[in-house]
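First comes the structure, then the notes that go with it.
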Amino acid sequence: MAIKSKKGVFFTFMAILVVSVLVLAFSSDVYVTSKNKIPVIKSRVKTADGYLRNLETSYIETSLYTSSYNALKSIILYEIYKDAFLTDENDLNSKFEEILLNGSINGENINTKYNIKLMEENTFIHRLEDIEKMSQDVLHITTSFDKDNINALLFQSNDTGPWQVGVNLTMNYSVDADVAIWNKTKTFSIVISILGFDDPLYLINPDTIQYHKIKAAIFNSTQWNITTLKLHVANETYKHDENASSYLMRLYNYSGKSKCCGIESFVNQTLCDDVTDKSYVDYCFWSDECNIGTDYGIKLYNITDISNSTYPFKLDSYHVGQYNVESKVE
Amino acid sequence: MHKKAYFFTLDAFIATSIIVIGISLILFSRANKPYEMQTAFLSQDVIDTASSIKVYEISDNEYVNNLTADGNITNTQNTVLEQLGEFCYKGMNSTAGNFTEVVFLRIIPPEYNFQLLIKNGSNILFNYTKGKDMETSRVLISSKNIIFGQINDSTMWGPYMSEVRTWQ
């Protein structure tokens with residue numbers, strides 16, 4: 001054979017050269033591929049982390065705030081529609097949660113049943129579904145909320161004070177960005193100012209609805225006297241008092257004391273209906289809480305410069321002291 | 001049949017040359033990557049910047065100042081993208097276009113073309129394009145973000161998709 005006469009060293013050399021080039025080429029590719037993946041993964045994790053941070057600190061809180069605000073307003077409209085208070089605190093919380101999450105009461109849509117439109121495309125669940133879809137479409141990140149296990153609680157406490165209500169919402173959710181997964185259970189909290197909200201006592205108790213907005217008095221506890229009281233009555237403002245009922249209590253017509261969050265105003269001339277056997281503090285006027293013989297004293301007093309024949313303004317002993325006014329015994 | 005050794009050497013040399021040229025071509029083509037990377041970085045940088053700069057931070061601009069004074073911008077804590085989303089929600093697309101021109105053209109080098117889209121699902125709410133030949137461009141990079149905002153206590157808009165496309 002002719003090949004027998006050729007020098008084997010050339011073939012061996014060529015073979016080694018070709019194999020070396022191939023090995024180098026492939027090993028280089030593997031190296032480059034791995035190297036290229038690092039910034040991609042880094043960027044992906046960074047994007048997902050930024051998204052999660054934005055979701056938790058901004059999107060969910062903003063959604064919870066606006067949905068809660070509308071849910072609270074919806075409860076007031078529901079009371080107006082029914083011309084009745086809610087039954088108790090549990091009733092308030094269950095209805096608030098259902099309206100907040102689903103825009104319904106007892107499974108019935110509040111728009112179709114009661115013509116309350118505030119929650120249309122504005123429920124918290126709707127907001128969660130929006131962001132689930134958007135995160136998938138835009139960032140290719142799968143966000144899943146456990147919508148069947150969301151707990152929402154409406155409250156007032158020392159943290160909120162008398163002029164705000166708080167909402168705590170707890171839920172489970174996960175964020176899956178392929179390269180990393182976050183599984184979380186978290187409680188989100190927001191506070192809503194009640195200034196400007198209608199007082200339920202004035203909506204339901206009078207024969208005709210009175211839209212009596214919550215406005216805080218501008219005087220502090222050391223400034224009360226007959227002058228400031230007259231302005232307080234005329235301006236229909238509210239004062240914090242630890243013996244009064246809180247705003248949330250007013251939604252279910254509970255006239256008990258709320259140390260942190262009690263508020264009170266005075267029944268005006270239009271609504272007083274010449275009543276003379278009640279203190280004119282709102283929750284006292286529409287309950288038996290401050291009747292003669294209770295903690296509020298044994299007598300009712302006319303107040304100099306305020307009480308007259310057309311407006312027989314009365315105050316119990318406790319409130320005469322609180323407002324630092326002169327009285328004459330009825 | 002007795003071939004000279006130089007024949008094999010020449011053969012090996014030619015083969016090696018082909019391989020070297022091939023590798024060189026591959027490496028040469030990869031040398032164009034920085035061009036693509038610059039466009040990609042620009043696209044991401046623009047959307048990152050617009051997502052972080054707040055309206056009050058560009059209050060040195062007369063047009064932005066006028067919008068604030070006229071009440072068209074109600075919250076100067078909004079980021080630039082949030083403000084654009086709010087304009088779109090309120091149907092103020094003309095204002096959004098002018099706002100984009102004033103703000104974005106200051107941060108994008110003139111040699112780059114640029115498009116800003118705001119979408120609600122598949123519905124395009126806003127489209128601002130500077131430059132042309134987007135369809136025929138060799139390198140077109142897109143960066144996206146999610147935007148949303150609050151108008152008042154009861155009203156929230158979004159989430160919308162904002163997309164920045166850059167090309168050369």
Side-chain angles (χ1 to χ4, degrees), chain A residues 1-7 9-11 13-15 17-18 20-22 24-25 28-29 32 36 39 43 46-47 50-51 54-55 58-59 61-74 118-119 121-122 126-127 130-135 137-141 143 192-193 196-197, chain B residues 1-23 26-27 30 33 37 40-41 44 47-48 51-52 77-79 81-82 85 117-122 142-164:
Chain A
M1 298 287 286
I3 202 163
K4 202 174 168 185
S5 61
K6 292 188 175 79
K7 298 254 178 178
V9 65
F10 289 109
F11 296 106
F13 176 70
M14 283 301 296
L17 189 66
V18 169
S20 300
V21 167
L22 287 174
L24 276 175
S28 169
D29 264 4
V32 169
N36 283 346
S43 167
K46 189 181 161 194
T47 300
Y51 162 72
N54 202 21
L55 179 75
S58 190
Y59 186 81
E61 291 197 354
T62 307
S63 301
L64 181 59
Y65 182 91
T66 51
S67 296
S68 298
Y69 184 92
N70 286 313
L72 200 52
K73 289 265 180 185
S74 296
L118 292 175
M119 300 307 292
E121 297 191 350
N122 217 0
H126 179 82
R127 296 286 178 198
D130 276 352
I131 199 69
E132 281 178 339
K133 185 173 185 307
M134 194 58 79
S135 71
D137 291 349
V138 176
L139 304 172
H140 304 292
I141 291 173
T143 310
I192 298 169
S193 169
F197 276 62
Chain B
M1 298 297 281
H2 291 279
K3 291 186 174 67
K4 303 265 182 182
Y6 72 82
F7 176 81
F8 295 105
T9 306
L10 186 63
D11 186 40
F13 179 74
I14 290 169
T16 307
S17 299
I18 290 169
I19 292 169
V20 168
I21 289 167
I23 291 170
I26 292 167
L27 290 177
R30 287 181 179 179
K33 286 257 171 163
M37 292 304 286
F41 281 136
Q44 190 60 48
I47 207 156
D48 286 348
S51 301
S52 56
Q77 291 288 332
N78 279 344
T79 66
L81 275 183
E82 285 170 351
L117 294 169
I118 294 179
K119 295 182 188 172
N120 184 13
S122 58
S142 162
S143 295
K144 297 173 182 174
N145 204 351
I146 297 171
I147 56 171
F148 53 87
Q150 190 177 351
I151 303 284
N152 53 38
D153 286 332
S154 62
T155 310
M156 178 184 179
W157 58 264
Y160 297 155
M161 181 187 82
S162 60
E163 180 178 4
V164 169

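Computed from a prediction, not measured in an experiment: that's the story for all the values here.
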Closest non-hydrogen atom pair between B:Ala15 and A:Met14, with its separation: CB-CE, 4.2 Å
Which of residues 146-154 of chain B have a heavy atom under 4.5 Å from any heavy atom of chain A? B:Ile146, B:Phe148, B:Gln150, B:Asn152, B:Asp153, B:Ser154
Where at least one partner belongs to residues 142-152 of chain B, residue pairs that pass salt bridge (Lys or Arg N to Asp or Glu O under 4.0 Å), sequence neighbours excluded: none
Compare every heavy atom of A:Arg127 with every heavy atom of B:Met156, then report the nearest pair and how far apart it is. O-NH2, 3.2 Å
Name all residues meeting the ring pair (Phe, Tyr, Trp, His ring centres under 6.0 Å) criterion together with A:Tyr65; count only those two or more places apart in sequence or in a different chain, and write none if there are none. none
Measuring heavy-atom distances to chain A, does B:Ser162 have an atom under 4.5 Å in its side chain, in its backbone, in both, or in neither? neither
Measure A:Leu17 against the heavy atoms of chain B and call it side chain, backbone, both or neither at under 4.5 Å. side chain
Between A:Thr47 and chain B, which part of the residue has a heavy atom less than 4.5 Å away: side chain, backbone, both or neither? neither
Kindly check if the number of other-residue, nucleotide or ligand heavy atoms within 6.0 Å of CD (B:Gln77) is above 12? yes
Side chain, backbone, both or neither: which part of A:Asp130 has an atom under 4.5 Å from a heavy atom of chain B? both
With A:Tyr51 via ring pair (Phe, Tyr, Trp, His ring centres under 6.0 Å) - residues at least two apart: none
Applying a strict 4.5 Å limit to non-hydrogen atoms, the region of A:Ser193 in contact with chain B is neither
